[in-house]
Amino acid sequence: AAGWHALLDRISEREAKIAQSVDADSVRQLIERIATLGRSSIGGLGNLLPEQLVKAFTEVCGYPPDDNGTLLIQRLPGLGVHNPEDGTRKFIDIDFASVAAAGDVFRFIADPFTNPLDDSTWQASLPSIGIETIAHRSYAAKFAEGKLSAAVKEASDSKPPHTLCADIVRTIIELSMSYRGSVTTLRDVEIPELIFYSNSADMHQLVFHGALVGMLELSHEVPDDLLPNFSGCYFGSIEGRTGRQDLPNQIDQEC
């Protein structure tokens, strides 16, 4: 994650020198905003219309793209042509897209009340490298448990699926922190993997309802009473346990 984070900074600095009228931070935010738009597509690589790219530029920079801005949009790294007929673009690498999409989630955590995110069309929680990137940046910014917990609560107030909320919860787990908020239910989310390490902290105030989890890993070293509750969820596989009789009571019989 640290390597990807540094690489995206260097790419943004290079593009800013070429564009001249847009600084490196804005270039990076533009790439990240476009990656967020890509999360509405299956696979997370996007199927982005030219007008969506123009709108993203305007949101980030505060003005419509001029000639230099248009050139920047046309040569943005990581994006390839999806359909030459309508000019749609898509990311060519899922890791690049995931690391970029982590940026808007990080900014939401930093200030969830002035940086709202609409996750209603997002298809799934981020792949692991995206979550690791959010955790890396949150650790560097010295975000405390209370800050991340407040962001979870704010994200859970939206209508399901609670995909943004799942991103933040997985970041808390990645940082080996605890969730310090009141009981919170995440509904109808798709999560590629959910791993509770031996050093996982207290997540018992969380409930996953109707979630689709690709892989759940439960270490026997994690006390069951620190795990979240799972209600009516679906799991592709569960690692670390030998069968249903070996599962904690936090996974109900409807799973």
Side-chain angles (χ1 to χ4, degrees), residues 1-41 43-46 48 52-81 89-112 114-117 119 122 125-144 147-148 151 164 167-168 170-172 174-177 192:
W4 273 108
H5 178 57
L7 177 63
L8 202 52
D9 271 344
R10 294 294 296 274
I11 288 173
S12 301
E13 291 166 5
R14 181 195 67 192
E15 296 302 317
K17 289 180 181 178
I18 297 172
Q20 297 181 341
S21 61
V22 183
D23 61 72
D25 286 343
S26 295
V27 172
R28 174 154 185 168
Q29 287 190 43
L30 175 59
I31 297 171
E32 291 171 339
R33 182 60 49 81
I34 293 170
T36 296
L37 294 174
R39 297 188 66 177
S40 298
S41 65
L45 294 175
L48 303 161
Q52 290 179 285
L53 305 184
V54 170
K55 182 181 179 182
F57 182 99
T58 305
E59 289 177 353
V60 169
C61 298
Y63 58 88
D66 54 13
D67 290 343
N68 284 336
T70 300
L71 180 61
L72 172 64
I73 291 173
Q74 291 173 346
R75 57 165 284 127
L76 275 175
L79 282 172
V81 176
R89 309 274 291 281
K90 66 183 295 184
F91 285 91
I92 60 175
D93 182 83
I94 187 60
D95 287 345
F96 185 96
S98 301
V99 170
D104 274 347
V105 179
F106 170 77
R107 276 184 285 277
F108 178 88
I109 295 171
D111 190 352
T114 58
N115 291 311
L117 269 178
D119 64 340
W122 294 1
S125 182
L126 285 172
S128 296
I129 188 62
I131 300 300
E132 291 166 14
T133 302
I134 303 169
H136 171 75
R137 297 181 68 176
S138 297
Y139 179 82
K142 296 181 169 55
F143 289 169
K147 190 172 190 64
L148 284 123
L164 172 60
D167 286 346
I168 305 170
R170 293 173 64 208
T171 300
I172 295 175
E174 182 68 27
L175 290 167
S176 298
M177 293 181 172

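Nearest heavy atoms, P77 versus I31: CG-CD1, 4.2 Å. Residues L45 and S41 come closest through the heavy atom pair N-OG, 3.6 Å. When every heavy atom of S125 is checked against every heavy atom of R170, the shortest pair comes out as OG-NH1, 2.7 Å. Nearest approach of P64 to T58, heavy atoms of both residues: CA-OG1, 3.6 Å. The heavy-atom pair separating P112 from A151 by the smallest distance is CG-CA, 4.3 Å. Counting all heavy atoms, side chain and backbone alike, L126 lies closest to P192 at O-CG, 3.6 Å.
Here I34 contributes atom CD1 and Q52 contributes atom CD; the two are 9.5 Å apart, rounded to the nearest 0.5 Å. Atom CG of L76 is separated from atom CD of E15 by 7.0 Å, given to the nearest 0.5 angstrom. E13 CD to D9 CG: the interatomic distance, rounded to the nearest 0.5 Å, is 6.0 Å. Here OH of Y139 is found 9.0 Å from CE of M177. Values are rounded to the nearest 0.5 Å. Here L7 contributes atom CG and H5 contributes atom NE2; the two are 11.0 Å apart, rounded to the nearest 0.5 Å. Taken from OG1 in T133 to CH2 in W4, the straight-line distance is 9.0 Å, to the nearest 0.5 Å.
Side-chain N/O atoms of D67 and T70 include no donor and acceptor closer than 3.5 Å. Judged by distance alone, the side chains of D23 and S26 do bring a donor and an acceptor atom under 3.5 Å apart.
In terms of modelled atom types and a separation under 3.5 Å, the side chain of R28 and the main chain of G103 share no donor-acceptor contact. Of the possible polar contacts, none joining the N68 side chain to the S21 backbone as a donor-acceptor pair under 3.5 Å is found. Without hydrogens or angle criteria, D119 side chain to W122 main chain gives no donor-acceptor distance under 3.5 Å.
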For I92 and L79, run side chain to side chain contact (heavy atoms under 4.5 Å, CB included): C-alpha distance rounded to whole Å, both residues' side-chain angles, the deciding distance at 0.1 Å, then the answer. CA-CA 6 Å; I92 60 175; L79 282 172; over 6 Å; no
Given the rule in the side-chain hydrogen bond (donor to acceptor under 3.5 Å, both in side chains) test, do D111 and T114 qualify, once you have shown the distances and angles that lead to the verdict? CA-CA 6 Å; D111 190 352; T114 58; 2.5 Å; yes
For a side chain to side chain contact (heavy atoms under 4.5 Å, CB included) check, start with the C-alpha distance between C61 and V22, then their side-chain angles and the critical distance, and finish with the verdict. CA-CA 8 Å; C61 298; V22 183; 4.2 Å; yes
Any chance you could lay out the side chain to side chain contact (heavy atoms under 4.5 Å, CB included) test for L148 and L175, step after step, and finish with the verdict? CA-CA 10 Å; L148 284 123; L175 290 167; 4.2 Å; yes
Do I109 and R137 pass the side chain to side chain contact (heavy atoms under 4.5 Å, CB included) test, and can you show the C-alpha distance, the side-chain angles, and the key distance before you say yes or no? CA-CA 11 Å; I109 295 171; R137 297 181 68 176; over 6 Å; no
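L48 places none of its side-chain heavy atoms less than 4.5 Å from the side chain of K90. At least one side-chain heavy atom of V54 sits less than 4.5 Å from a side-chain heavy atom of P65. Side chains of I18 and R75 form a contact here, defined as non-hydrogen atoms less than 4.5 Å apart. Side chains of E174 and H136 form no contact here, defined as non-hydrogen atoms less than 4.5 Å apart.
The neighbour count for K147 NZ, taken as heavy atoms of other residues, nucleotides or ligands under 6.0 Å away, is above 12.
A parallel orientation is assigned to the rings of F143 and F106, their planes being inclined by less than 30° (bins at 30° and 60°).
Between R39 and E32 there is no salt bridge, since no side-chain nitrogen of the basic residue lies less than 4.0 Å from a carboxylate oxygen of the acidic one.
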